[in-house]
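The structure appears right after this line, and notes come after that.
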Amino acid sequence: MALLNFKKRDAVENGPVNPTVEAFLQGYSIEVMPRTAEKVEDFRALLPEGTRVYIAHIEGTPIEDMVKTAKRIAAEGYPVMPHFPARIIKDAATLENWISMYQGEAGVEQALLLAGGVAKPHGDFDSSMQLLETGLFDKAGFKRLHVAGHPEGNKDIDPDGSTKNVDDALRWKQKFSETTDAEMALATQFAFDAKPIIAWANGLKEAGIDLPIHIGIAGPAKLQTLIKFAIACGVGPSLKVLQKRAMDVSKLLLPYEPTDVVTELANHKAANPDFNITKVHFFPLGGIKTNANWAINNGGASAKPVNS
């Protein structure tokens, strides 16, 4: 049956690529966790030179495991950007110790600061803004600090469904970016529809928020996996893209790939060079290797691994 005769997701094809997509994927980043990183024998076989690797810090993960992962990936030649989730950090002393461990053992000089998905803070911090206010990242000489962006809002931050609190936080972060020596950018939650992403990004610019946007994109994965993560992460209107796909029996069993959303965003960027989405950040929900190979298939020279 033709429906079941689809290619393995890990297959690498060396056909022609869309030059607009190739340009858009230049300098993409990807996210890992200690347990997923352990499954990768050699990142150099999958990722281009200089790829920024975010390391997600999930509640309950020992800081020693995070630092070990950062050290390993840095040793393979990649800049690492660990998460600092405010609500799982007990106090300023703990934060300073984490920064010291990352710097001393893995040479880390960049971080993603976010509130974290914990309902009740473990200690003194509730938001990424409080982490920034400590001044500890500037004191340590961090060169790059990223903060979270939410193209479709965030119900944890704005339970009423508005974007008031999210917007207020972005205005605060914009002002902070003008006082720190670190380069700042917004790393966003993933979404599946380009149109609301474009509208959100343009709205920020009109509001005077000019932080570069690194847009979150979910990598190839089973449809059921993506829907589960999307609901858990509070993905908004673009979830309808997945729901519509789930109703199409011809696509139900096929893995989702982000080709459509990436192509539409790439085309918009090409037509509007000053568009404030500057990079792509991948969430490899179907596996790091699967995501990297999709990038290789679609990104041409922009996604060529170090060992290729």
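Given the structure is predicted, the values throughout are model-derived calculations rather than measurements. In this chain, numbering begins with 1 at the start of the sequence shown.
For Phe282, the ring-ring contact (aromatic ring centres under 6.0 Å, His included) partners are Tyr28, Trp294, not counting sequence neighbours. Partners of Glu183 according to the salt bridge (charged side-chain N to carboxylate O under 4.0 Å, His left out) rule, which considers only residues two or more places apart in sequence or in another chain, are Arg144. Considering only residues two or more places apart in sequence or on other chains, Glu96 meets the salt bridge (charged side-chain N to carboxylate O under 4.0 Å, His left out) condition with Lys139. With sequence neighbours left out, Glu76 forms a salt bridge (charged side-chain N to carboxylate O under 4.0 Å, His left out) with Arg72. Under the rule for a ring-ring contact (aromatic ring centres under 6.0 Å, His included), His83 has no partner lying at least two apart in sequence or in another chain. Residues satisfying the ring-ring contact (aromatic ring centres under 6.0 Å, His included) criterion with Phe142, sequence neighbours excluded, are Phe137.
Residues in residues 122-132 take part in these salt bridge (charged side-chain N to carboxylate O under 4.0 Å, His left out) pairs, two or more places apart or across chains: Arg87-Asp126. Residue pairs that meet the salt bridge (charged side-chain N to carboxylate O under 4.0 Å, His left out) test with at least one member in residues 199-218, sequence neighbours left out, are Lys205-Asp274. Evaluation of the salt bridge (charged side-chain N to carboxylate O under 4.0 Å, His left out) test over residues 42-63, restricted to residues two or more places apart or in two chains, returns Asp42-Arg44. Each ring pair (Phe, Tyr, Trp, His ring centres under 6.0 Å) pair with one or both residues in residues 107-136, not counting sequence neighbours, would appear here, but there are none. Here salt bridge (charged side-chain N to carboxylate O under 4.0 Å, His left out) pairs that include residues 297-308, with residues two or more places apart or in two chains, number zero.
For Asp181, the CG atom is loosely surrounded, since the number of other residues' heavy atoms within 6.0 Å does not exceed 12.
The shortest heavy-atom contact between Ala303 and Ile296 is O-CG1, 3.4 Å. Annotation for Leu95 and Leu136: closest pair CD2-CD1, 3.7 Å, computed over non-hydrogen atoms.
In this structure, Lys279 contributes its side chain and Ser29 its backbone to no donor-acceptor pair below 3.5 Å.
Between the side chains of Asp91 and Thr94, at least one donor N or O sits under 3.5 Å from an acceptor N or O. Side-chain polar atoms of Gln110 and His146 form no donor-acceptor pair below 3.5 angstrom.
Under the 4.5 Å side-chain heavy-atom criterion for Ile, Leu, Val, Met, Phe, Trp and Tyr, Ile58 and Tyr102 are members of distinct hydrophobic clusters.
Through chains of ILVMFWY side-chain contacts below 4.5 Å, Tyr54 is grouped with Met81, Leu112, Leu114.
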